[in-house]
Amino acid sequence: MNRRHNHLLLVGEIMEKKFKVELITAESEASRFVRHRRLIRFPQLTMPMLAAYTPPNWEVTHTDEIVQQVNFDKKIDVVGITANTPAAPHAYRLAAEFRKRGVTVVIGGPHATLLPQEVQRYADAVVVGEGELVWPQLLADYEKGELRPLYSSCQLPDLQDMPRPRWDLIKGRVYGKGVTIATRGCPYACEYCTIPAMYQRKMRYRPISSIVEELRHMPGRALIFWDDNIGANRAYAKELFKAITPFKRWWTSQTTSDAAFDDEFMELAAKSGCKALFLGLETISQQSLNSANKQHNNVEKYKEILRRFHYYGIAVQAGTVFGFDHDDRSIFRTTVEFYREIGLDSATISVLIPFPNTPLFRKLEAEGRILSYDWEKYNGKKDVVYQPALMSPEELLMGMEWAARQFYSVPSIVERMWKSRTGLWWNLIRNLGYHLALRNFGNVGYNPELPANGNPVKQARTP
Ligand code: B12
Ligand code: SF4
C-alpha cells in the first residue's frame, strides 16, 4: 500500500465517523491542586481503555483533568465521565454543564458502581461495574435513540480479546504512556476496599501472548500494570514475568506482601525489570488488620518482607492508612519509627476512607459515626469523615500530616535510603519529590501524643 492509498483510507475512516464522544477523567479540585504539583504523576487507564472499545463510527476525544481543562463547548453527542468517590460532586457539576448544552451524559467508574441511584440524578445513563461489554451496546442504543438509564454487565468481561489501550489519548508532558493491565480483580475482601464491589471478587487474566504483543507496540521504557493484585495467582504471574523479560522494561504494579516469601516469584519479577511494587501494608497494628479482614498481612513479618524485597532489588511503596479503631495517638510516631527501622523506600500516607457501600461504611453508619456525606471530603488527605475510636478527627488528620512530614524529612530519607540501598537514583528522586510536594503545603500537622501547647501549626492545608 502506498502513501496515497493510506491517505485515502484515512479520509474514508474520518468521513464514516458519524458521532462524537468526549471521555473525561474527572478529578476533584483538591486532587487537581495536589497532583498538578507533584513531580511524579501516573495516567489512569480507564478512558484510553474505554476508547479502544468504542465503535469505529464514533470519533473519540479525551480530557484528563490532571493535565487538561474541560472544554464545554466542544461539538459532541455524548460525554462519558469516569469518577471516583471524591471526584463525584465535581463530575456532577461537569454533567450539569454538558446537559445545559444538550449533550448526553454517561457516568461510570467506582462511585457510579457503588451508588448508581445517586448518580442517575445527574446523568442520562449510568454504567455499573465494568464497561467492556456494555459501552458498545450503550452507544448503539444511543444511535437508535433507545438509551437506557442504567447499564450493568450481566456477564463479566473475560479480557481474552482486550484491544490495545488508546495511548495516543494520554496527554501531558510528564505522563508516561506505558500503562496496561494483565489481570483484573483481587481474591481478598478487605473491609474498606471498593475492589470487591467493582469486580465481584472474580479474577480475570489476559492471555500472556496478548500482553507480549501489546508490549511490542507500547511506547517508552517504563511500564505500569494497574492491576489490583498482580501476584494473586503466582503461577500466572511467573509465566508473565518470564514472557516480558526480553522487553527489558522497568515496571511496577501492586501486590500483597506475602509474595515476598515466594523466591521464584521475586526472582522472576526482578529479572523481568520490576523496580518497585506497591504493597498495601496499611498499618503496623495486627489488631487493626484483623478487624479490617486483612489477616493476610502479618506485621511480625514486615521487616523480613522488606529485607527480601531489597535482596531482590525491588523497592517497596507501602500503602499506609491511619484511623483504624485500634489506632491510638501513638500510632503516628510508632509507624514512622518502624518504617525508618526497616528502611521502607516510600509510602502513600492517608487517613482511612469509609467509601460508600463498603462493609466499613455500613458498620460506621450503623454505629452513628459517619460525620459527613460530602463525597468531596472522602479524599483521605484533607478531611476525616467519621468519628475515630481513640482520638478526635482533628488529631487523626494532624497526626497523618505530621507522620507524612516526618517520614519524608531529610534525616528519614537518608536513613531509609541507606538501609534500603535499592534503586537509589530513582528512589531518591521519588522521595525528594514527596518531600518537596509536602514542603509546598507548609509545616502542617502535629504529633497528637504531645501536649497541645507544644504543637506547631494546626490548620488544615489549602485549598
Ligand atoms: C490508577 C489509580 C490511581 C492513580 C490515579 C491516576 C490518575 N491520573 O488519575 C493514583 C495512584 C494517583 C491514584 C490515587 C488515588 N486513588 Co486510585 N486507583 C487507581 C487504580 C489502581 C487503577 C485505575 C485504572 O486505570 N483502572 C483500569 C481501568 C480500565 O479500570 P476502571 O477504572 O475500573 O474502569 C472500568 C470500569 O470501572 C468501567 N468504567 C469506569 N469509568 C467509566 C466511565 C464510563 C463512561 C463507562 C461506560 C465505564 C466506566 O469501565 C472500565 C472498563 O471495565 C484503581 C483501581 C482499579 N482497579 O481501577 C484505583 C482506585 C480508582 N483509586 C482509588 C482511590 C481511593 C484513590 C485515592 C483516593 C487514594 C488516596 N487515599 O489518595 C487517590 C485519589 C486520587 C484522585 N485521583 O483523586 C479507589 C477508588 C475508590 C472509590 N470509591 O472511589 C480505587 C478503585 C482503588 C481501590 N482499592 O478501591 N489512583
Ligand atoms: S488486598 Fe488490596 S485490592 Fe484486594 S481487597 Fe484488600 S485492599 Fe482491596
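Given the structure is predicted, the values throughout are model-derived calculations rather than measurements. Atoms within a ligand are numbered from 1 in the order they appear, just like the ligands themselves. Every heavy atom of this structure was used, including side-chain atoms; hydrogens, water molecules and symmetry mates were not.
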Peer 1: At less than 4.0 angstrom from any non-hydrogen atom of Gln254, what atoms of ligand 1 do you find?
Peer 2: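 Those qualifying, in numeric order: 21 (C).
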
Peer 1: I need the contact type for Thr85 against ligand 1. Using non-hydrogen atoms and a strict under-4.0 Å cut-off, is it side chain, backbone, both or neither?
Peer 2: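 Contact part for Thr85 vs ligand 1: both backbone and side chain.
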
Peer 1: So for ligand 1, is Met47 a polar contact partner (N or O within less than 3.5 Å, distance only)?
Peer 2: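 There is no such contact.
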
Peer 1: Answer with side chain, backbone, both or neither: which part of Gln254 has a heavy atom less than 4.0 angstrom from an atom of ligand 2?
Peer 2: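 It is neither; nothing of Gln254 touches ligand 2.
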
Peer 1: When you look for heavy atoms under 4.0 Å from ligand 1, do you find them on the side chain of Asp228, its backbone, both, or neither?
Peer 2: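 Within the 4.0 Å criterion, Asp228 contacts ligand 1 through side-chain atoms alone.
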
Peer 1: Just heavy atoms, cut-off under 4.0 Å: does Ile181 contact ligand 1 by side chain, backbone, both, or neither?
Peer 2: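 For Ile181, there is no contact with ligand 1 at all, from either part.
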
Peer 1: Report yes if some N/O of Asp64 lies less than 3.5 Å from some N/O of ligand 1; otherwise report no.
Peer 2: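 The answer is no, given that Asp64 and ligand 1 share no N or O pair closer than 3.5 Å.
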
Peer 1: Would Arg93 and Glu376 pass as an ion pair if we require N to O under 4.0 Å?
Peer 2: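 Looking at Arg93 and Glu376, the cut-off is met.
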
Peer 1: Between Tyr199 and ligand 1, does any nitrogen or oxygen pair lie at a separation below 3.5 Å?
Peer 2: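 Min N/O separation from ligand 1 is below 3.5 Å for Tyr199.
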
Peer 1: At less than 2.8 Å, would any N/O/S atom of Cys186, backbone or side chain, sit next to atom 6 (Fe) of ligand 2?
Peer 2: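 It does not; every qualifying atom lies at 2.8 Å or beyond.
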
Peer 1: Please say whether Ser28 places an N or O atom under 3.5 Å from an N or O atom belonging to ligand 1.
Peer 2: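 So ligand 1 has no N or O lying under 3.5 Å from an N or O of Ser28.
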
Peer 1: Should you measure from each heavy atom of His296, which atoms of ligand 2 turn up under 4.0 Å away?
Peer 2: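 Contacts of ligand 2 toward His296, numbered from 1: 1 (S).
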
Peer 1: Using a 4.0 Å heavy-atom threshold (strictly under), name the region of His111 that reaches ligand 1: side chain, backbone, both or neither.
Peer 2: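 No part of His111 comes within reach of ligand 1.
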
Peer 1: Pull out every atom of ligand 1 sitting under 4.0 Å from any heavy atom of Cys193, numbered as shown with elements.
Peer 2: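 Once the distances to Cys193 are compared, the set is 89 (N).
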
Peer 1: Among Ile170, Thr25, Val179, whose side chain to side chain contact (heavy atoms under 4.5 Å, CB included) with Leu45 holds?
Peer 2: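 For Leu45, the side chain to side chain contact (heavy atoms under 4.5 Å, CB included) check succeeds only for Val179.
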
